[in-house]
There are 2 protein chains.
Amino acid sequence: MENRIEKIKKQLSSQSYKLTPQREATVRVLLEHEEDHLSAEDVYLLVKEKAPEIGLATVYRTLELLSELKVVDKINFGDGVSRYDLRKEGAEHFHHHLVCVECGSVKEIEEDLLGDVEAIVQTRWSFEVKDHRLTFHGVCEQCQTISSKVNS
Amino acid sequence: MENRIEKIKKQLSSQSYKLTPQREATVRVLLEHEEDHLSAEDVYLLVKEKAPEIGLATVYRTLELLSELKVVDKINFGDGVSRYDLRKEGAEHFHHHLVCVECGSVKEIEEDLLGDVEAIVQTRWSFEVKDHRLTFHGVCEQCQTISSKVNS
DNA sequence: CTCACTGCAAATCGTTTGCATGGTT
DNA sequence: AACCATGCAAACGATTTGCAGTGAG
């Protein structure tokens with residue numbers, strides 16, 4: 001935890017940005033909720049618990065900044081809200097997501113399943129792939145169980 | 001063209017919706033711009049050329065309806081705008097996209113490259129895949145050429 | 001003293017909704 | 001007459017911006 005903060009601090013200062021208390025509080029919230037997919041509003045409310053004076057605009061500005069530095073990834077699951085996801089240590093690619101159309105839960109897949117596909121795209125369409133976004137829509141294990149009960 | 005309109009008309013009436021003049025004009029615009037990825041605003045402006053009385057709200061309502069019927073897919077490339085994409089005839093899956101980070105162009109890939117990956121997700125995570133969204137971010141062929149010129 | 005950073009409120013932008021009207025059946 | 005669909009304007013929610021105040025270097 002602390003060393004990840006330290007790392008982010010260095011990343012910031014290398015581009016002459018400061019890790020202000022507000023920014024640190026925001027980063028800490030993100031670290032404590034790595035599994036979730038928080039919206040800016042979510043982050044704001046959580047940060048407010050630690051630093052009540054913080055403003056929503058600052059949270060937006062911080063998330064924007066972290067996004068530029070590729071510390072977080074900004075995603076969009078189609079509801080009109082942006083969500084922010086800590087990039088895992090050393091991950092060079094965005095991870096994949098499984099979105100359940102029944103309960104709305106979101107699961108992350110860390111493995112990169114797209115190696116082959118990227119190679120195909122690269123050669124067949126002469127497209128130099130830098131990153132990707134992959135989301136599956138479907139029914140999660142839990143909801144499959146529930147609906148099979150209902151239907152029996 | 002006409003037979004696709006006819007088909008959509010049938011699809012609508014099978015669920016007791018009507019293909020009103022406004023809806024037809026909207027569908028025609030989408031058909032004439034299959035390659036593009038129009039936002040609701042874009043569609044609105046184009047429809048207005050044919051049917052000046054149409055309101056923006058109607059365009060939104062029509063696109064929403066077509067989206068439910070799976071005639072179009074609603075996508076989001078991360079700028080805060082929804083875009084609407086005609087589903088190809090008989091396609092059961094969403095097609096993939098190549099977004100160029102240099103010039104912003106968007107290219108479509110019709111082939112479904114995810115068959116294997118879906119099988120993996122299905123078995124390994126017990127997730128029943130219904131559909132997917134796959135977007136690659138990178139540099140398109142044209143921009144690769146340009147930047148290699150600049151750098152030489 | 002300077003300048004990046006902040007909080008607040010107002011502004012913006014895409015999208016949705018309420019409502020009165022018009023057209024079909 | 002009942003009802004779906006429309007246009008318009010107002011409402012809405014997420015995000016951005018202008019600006020004056022603050023604090024670290």
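Only heavy atoms go into these numbers, but all of them, side chains included; no hydrogens, no water, no symmetry mates. Protein chains get the first letters and strands the later ones, always in sequence-line order, with residue 1 at the start of each.
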Atom CD of B:E64 and atom P of C:dG14: how far apart are they, to the nearest Å?
18 Å
Can you tell me if the side-chain N/O atoms of B:R61 get under 4.0 Å from OP1 or OP2 in C:dT16?
no
Proximity to the side chain of A:Q22 - top-ranked nucleotide from C:dT15, D:dG7, C:dG7
C:dG7
Mind calculating the distance between CD (B:E41) and P (C:dT12) to the nearest angstrom?
16 Å
Round to the nearest Å and state the distance from B:Y44 atom OH to C:dT16 atom C1'.
15 Å
Check the distance between D:dT6's P and B:E24's CD and give it to me in whole angstrom.
12 Å
Value in whole Å for how far the C1' atom of C:dG23 lies from NZ of B:K18:
8 Å
Tell me: CD1 of A:I75 to P of D:dT15, nearest whole Å?
13 Å
Salt bridge A:E53-A:K48, side-chain N to carboxylate O under 4.0 Å:
no
Please tell me which of B:L56 and A:Y60 maps to the more 5' nucleotide of DNA chain D, matching each residue to the nucleotide holding its nearest heavy atom.
B:L56
A:V81, nearest nucleotide to its side chain (from D:dT15, D:dT6, C:dG14)
D:dT15
Between CD1 on residue B:I109 and CH2 on residue A:W125, distance to nearest 0.5 Å
4.0 Å
To the nearest angstrom, how far is B:R23 atom CZ from D:dG7 atom P?
11 Å
Establish, with yes or no, whether the OP1 or OP2 oxygen of C:dG14 is under 4.0 angstrom from a side-chain nitrogen or oxygen of B:S39.
no
Looking at B:Y84 versus B:H37, is the centre-to-centre ring distance below 6.0 Å?
no
Rounded to the nearest Å, what distance is computed from the CG atom of residue B:N76 to the C1' atom of nucleotide C:dT15?
12 Å
Just N and O in the side chain of B:T58: are any of them under 4.0 Å from OP1 or OP2 of D:dA5?
no
Measuring from the side chain of B:I54 (C-beta onward, heavy atoms only), which nucleotide among D:dG7, D:dA5, C:dT16 has the closest atom?
D:dG7
Give me the ring orientation class for B:H132 and B:H96: parallel if the planes are under 30° apart, tilted from 30 to 60°, perpendicular past 60°.
tilted
side-chain N/O B:S82 vs C:dT15 OP1/OP2, d < 4.0 Å
yes
Salt bridge between B:K130 and A:E102, side-chain N to carboxylate O under 4.0 Å?
no
Taking for each residue the nucleotide of DNA chain D with the nearest heavy atom, is it B:P52 or A:A57 whose nucleotide lies nearer the 5' end?
B:P52
